[in-house]
2 protein chains.
Amino acid sequence: MPSRHQGTEEESLALDLTIKLARAAQALMNRVMGQIVAAGVSPSQFGVLDALYHVGPMTLGDIAKKHLKSPNNMTSVVDTMERSGLVERRRCEQDRRVIYVDITDKGREIFSKLWPSHVERIVDAVSTLSPQEQVDLAALCKKLGQAPIECDGSHD
Amino acid sequence: MPSRHQGTEEESLALDLTIKLARAAQALMNRVMGQIVAAGVSPSQFGVLDALYHVGPMTLGDIAKKHLKSPNNMTSVVDTMERSGLVERRRCEQDRRVIYVDITDKGREIFSKLWPSHVERIVDAVSTLSPQEQVDLAALCKKLGQAPIECDGSHD
DNA sequence: ACAAATTAGTTCGATATGGAAAGAAATCAA
DNA sequence: TTGATTTCTTTCCATATCGAACTAATTTGT
């Protein structure tokens, strides 16, 4: 029987951190997005609405960048949202490759109804932590997230 | 920092934390799972292999619980893995509703080849943080993740 | 001006995921 | 025993996600 890879202290620590981080992020998301999803707007869609509402019309590529997702993805999300009447595409006249996505009145109305309680839920969800802990956690997350991109000198 | 939504300090803090947490978790996952995926094993599949390799045969329901995912989901993941020959289903003789999933020799071999370098990558990825910071981050994540489940008194 | 390279979006195929409902087997109630 | 309920798994449908290949429009190189 393979004895569970009794790793070093360092390894246990890293594995443990990875799991807890993933769990925390998922738990928070589940908790916070529940009501949004119940309102018929998926998390991705809500993110797009957020960007368009607060920033203004954006190209598909920019939206994708903002979400750290691939643009082929945004096509499908925006397709769905367009079908629901939340957003609309508009071709740029100057550069006809570019397509602007803009929020519709309906989208604006729905988003503005969801946003305040969304913020409330987030505040509530993180209130398990003291303000100082929230700051610390954010800082540690930022530091971890900004880890240098490994240029993959790997080879087995 | 031009913030959208001019909210209270508390709200900015919470929103900021939420974003950074999600980003950190995603960045870490992307970074760590890259090689696994390159080896032809999806993150979900790797998780299943991990459980089966280290714990032994499990029912679909238990695997789903372990991953905090829904069981209807596991059916599809296990389907794919069975097709690839990584695992196999075995019906329980006592309770014929139950299906045990077990790792195959092929699955065991593939997993045992991927696991050590996987751990290495994780250690490497979190090494941006000092051991103390890793402990702190894990603790904060745990605390946040264990936030009381809102029993949702709103039964309409 | 025309071919090549680049850029923006889209399409396709595969995987993952969740909710709802169906199927199958076990258990419980009368 | 039979019918109702519960439990485990599957199926169906919709969404999301990514990589690869494709189309269309712009820019660049010669």
Side-chain angles (χ1 to χ4, degrees), chain A residues 22 25-27 29-49 57-84 86-102, chain B residues 22 25-27 29-49 57-84 86-102:
Chain A
Q26 192 186 334
M29 269 312 144
N30 286 345
R31 176 111 77 108
V32 164
M33 298 309 295
Q35 299 300 103
I36 302 291
V37 171
V41 180
S42 77
S44 291
Q45 291 178 9
F46 192 70
V48 173
L49 285 181
M58 303 175 72
T59 69
L60 274 167
D62 286 342
I63 298 176
K65 267 177 222 141
K66 196 169 161 57
H67 286 248
L68 306 179
K69 297 294 154 59
S70 64
N72 48 5
N73 205 329
M74 276 299 106
T75 297
S76 121
V77 173
V78 168
D79 279 350
T80 306
M81 296 177 76
E82 209 170 18
R83 247 178 276 130
S84 318
L86 298 176
V87 301
E88 58 189 11
R89 284 177 164 88
R90 220 163 349 98
R91 194 137 224 144
C92 173
E93 288 308 318
Q94 283 69 50
D95 186 339
R96 296 181 53 71
R97 290 169 304 183
V98 174
I99 290 189
Y100 286 110
V101 182
D102 199 359
Chain B
Q26 192 186 331
M29 269 311 143
N30 286 346
R31 173 109 77 108
V32 165
M33 298 309 296
Q35 299 300 104
I36 302 291
V37 171
V41 179
S42 77
S44 292
Q45 291 177 8
F46 192 71
V48 173
L49 285 182
M58 302 175 72
T59 70
L60 274 167
D62 286 341
I63 298 177
K65 267 178 222 140
K66 196 168 161 59
H67 286 249
L68 305 179
K69 298 292 155 60
S70 64
N72 49 3
N73 208 328
M74 276 298 106
T75 296
S76 121
V77 172
V78 168
D79 279 350
T80 305
M81 297 177 74
E82 211 172 15
R83 246 179 277 130
S84 318
L86 298 175
V87 301
E88 57 190 10
R89 284 177 164 88
R90 216 156 359 91
R91 194 137 224 146
C92 172
E93 288 308 318
Q94 283 69 49
D95 186 339
R96 296 182 53 72
R97 291 169 304 182
V98 174
I99 289 188
Y100 286 110
V101 183
D102 199 359

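In what follows, chains are A, B, ... by sequence order, proteins preceding strands, each numbered from 1. Note that the structure is predicted; figures quoted are calculated from it, not measured. Below, all heavy atoms of this structure are taken into account, side chains as well, without hydrogens, waters or symmetry copies.
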Nearest heavy-atom neighbours spanning B:H67 and B:S44 | CE1-O, 4.4 Å

The residue, A:Q26 or A:M74, whose nearest nucleotide of DNA chain C is more 5′ is A:M74

Sorted by number, the residues of residues 37-49 of chain A with heavy-atom contact under 4.0 Å to DNA chain D | A:S42, A:S44, A:Q45

Between C:dT15 (P) and B:E82 (CD): distance, integer Å = 14 Å

Residues passing the side chain to side chain contact (heavy atoms under 4.5 Å, CB included) test with A:D62, sequence neighbours excluded, are A:M58, A:T59, A:K65

Hits for side-chain hydrogen bond (donor to acceptor under 3.5 Å, both in side chains) against B:S70, two or more places apart or cross-chain, chain-then-number order -> B:N72

Rounding to a whole Å, what distance do you find between B:I99:CD1 and C:dA25:P?
-> 11 Å

Any pair with a residue in residues 38-47 of chain B that passes salt bridge (charged side-chain N to carboxylate O under 4.0 Å, His left out), sequence neighbours left out, goes on the list, sorted by first then second residue, please.
-> none

Who passes side chain to side chain contact (heavy atoms under 4.5 Å, CB included) against B:S76, sequence neighbours left out?
-> none

Sequence neighbours left out, what passes side-chain hydrogen bond (donor to acceptor under 3.5 Å, both in side chains) with A:D95? Give chain and number order.
-> A:R97

At under 4.0 Å between heavy atoms, what does B:T80 touch on the DNA or RNA strands: base, sugar-phosphate, or nothing?
-> sugar-phosphate

Each nucleotide of nucleotides 22-29 of chain D classed B (base within 4.0 Å of a protein heavy atom), S (only sugar-phosphate) or -, in 5' to 3' order, makes ---BS---

Looking at residues 62-69 of chain B, who's got a heavy atom less than 4.0 Å off DNA chain C?
-> B:K69

Distance (rounded to the nearest 0.5 Å) between B:Y100 OH and B:E93 CD | 11.0 Å

Output the single nucleotide from C:dA8, C:dT17, D:dC8 whose closest atom is nearest the side chain of B:V98.
-> D:dC8

Against the side chain of B:N73, the closest entry in D:dT17, C:dT17, C:dG9 is C:dT17

Please evaluate the base of D:dG19 for a donor-acceptor partner in the side chain of A:N72 within a cut-off of under 3.5 Å?
-> yes

How would you list, by chain and number, every residue that makes a side chain to side chain contact (heavy atoms under 4.5 Å, CB included) with B:P57, sequence neighbours excluded?
-> B:R90, B:D102

How close or far is atom C1' of C:dG19 from atom CD1 of A:I36, stated in whole angstroms?
-> 18 Å

For B:P43, enumerate each residue passing the side chain to side chain contact (heavy atoms under 4.5 Å, CB included) test, keeping only those at least two apart in sequence or located in another chain.
-> B:M33, B:V37

With sequence neighbours excluded, residues passing ring pair (Phe, Tyr, Trp, His ring centres under 6.0 Å) with A:F46 = A:F111, A:H118

From CE of A:M33 across to P of D:dA16 the rounded distance in Å is 11 Å

note: A:D79, atom CG; D:dT15, atom P; distance rounded to Å ~ 11 Å

For B:R89, all residues meeting salt bridge (charged side-chain N to carboxylate O under 4.0 Å, His left out), sequence neighbours excluded | B:D79, B:E82

